[in-house]
Amino acid sequence: MLMMTHTWIMKEYLKHIGYHYVMADLYAYNVIPDLLPVHREITAEMTHAIDRSGGMPLVEQRESFIRFHVLLDDFSHFGAISEKSPGRFLNDSQGYTYIKGRPLIAPVMELHCSAGKEIEISQASYESHMLIEMAFDMVLCRETNNGDLLECLYSGLRSMLDGDRREVSLFLSQTFGIATATMSDAVELINRICTYQGLESILDDKGRMGLCLDKFGLEKDDPQSQGKMAAILNYGIDLVADYRDFLRPALNAIHQSGFSINL
């Protein structure tokens, strides 16, 4: 799932357990697995490979908010949570984002074909689940108070990044098993790009469309690709009209995994 969705579900989880206040920076740690791969030497596989159990409950709040992220991703991708990283996604993954994404596979393959590229169905399945995550974020922002979620996320990022970034880098390096120098570079990069305007710019339809084309290695200024991507995203938005139905099963799965936050 994406940053706004993770922030929304984190807030709903805290409400569910009757806790309404956390330090702002913890919301940043909740989304950090998706932010660190902006660094060319860090992949999503690296930031989502941490042990799911971790001897919970955890003493370190920051780690528990990171762990919540990967547990939620496991459920959204695979439909279940296990103690270890499930590894690579499969075409028949039974999570919400893969099931919802199956109708998009053919349009995604046609999009690449029209741009002169051929992709395997496995890659189209992966990209389709990403589009469902994009659509989920877009619908969420339209139907909830987008400003509150964006402010919560931005305030958390600034709280983390305006503090001791050396200590943040060391903590993240130890948590993910990534070299401290690489992690320090990644944190500095995130500090430069995570402005309020930058986050806001990728929440509208045009920003999301360009982001998707860029992620898929397609020309984001090509009118034909833009039109096809807009149509696919709109299809995805229709597919996730029931997005609220995802919340309760996700929270139940996280609770049943044994997860807890030391608040």
Ring pair (Phe, Tyr, Trp, His ring centres under 6.0 Å) pairs touching residues 213-238, sequence neighbours excluded, are none

To the nearest 0.5 Å, tell me how far E63 CD sits from Q61 CD. 12.0 Å

What residues, two or more places apart in sequence or in another chain, satisfy side chain to side chain contact (heavy atoms under 4.5 Å, CB included) together with A124? I105, V108, M109, I119

How would you list, by chain and number, every residue that makes a side chain to side chain contact (heavy atoms under 4.5 Å, CB included) with T182, sequence neighbours excluded? H39, E41, I42, I178, A179

Are a donor atom and an acceptor atom from the side chains of D74 and H48 found within less than 3.5 Å of each other? no

Tell me which pairs pass side chain to side chain donor-acceptor pair (under 3.5 Å) where either residue lies in residues 209-222, with sequence neighbours left out. D222-S225

Check ring-ring contact (aromatic ring centres under 6.0 Å, His included) between F68 and all other residues, then give those that pass, not counting sequence neighbours. Y13, F259

Report yes or no: do I66 and L161 belong to one cluster of Ile/Leu/Val/Met/Phe/Trp/Tyr joined by side chain heavy-atom distances under 4.5 Å? yes

Per ring-ring contact (aromatic ring centres under 6.0 Å, His included), Y96 is matched among Y243, F246, F75, F78 by F246

Identify, with sequence neighbours excluded, every residue that meets side chain to side chain donor-acceptor pair (under 3.5 Å) alongside T195. none

The side chain to side chain donor-acceptor pair (under 3.5 Å) partners of E127 (sequence neighbours excluded) come to H112, Q123

Residue list, side chain to side chain donor-acceptor pair (under 3.5 Å) with Y27, at least two apart or on another chain: none

Tell me which pairs pass salt bridge (Lys or Arg N to Asp or Glu O under 4.0 Å) where either residue lies in residues 159-188, with sequence neighbours left out. R62-E167, R158-D162, R165-E188

Judged by atom type as modelled, is there a donor-acceptor pair below 3.5 Å linking the side chain of D34 to the main-chain atoms of L2? no

Residues 224-238 vs salt bridge (Lys or Arg N to Asp or Glu O under 4.0 Å), sequence neighbours excluded, gives E110-K228

Applying ring-ring contact (aromatic ring centres under 6.0 Å, His included), can you list everything that pairs with Y154, at least two apart in sequence or on another chain? Y196

All side chain to side chain donor-acceptor pair (under 3.5 Å) counterparts of E12, not counting sequence neighbours: K15

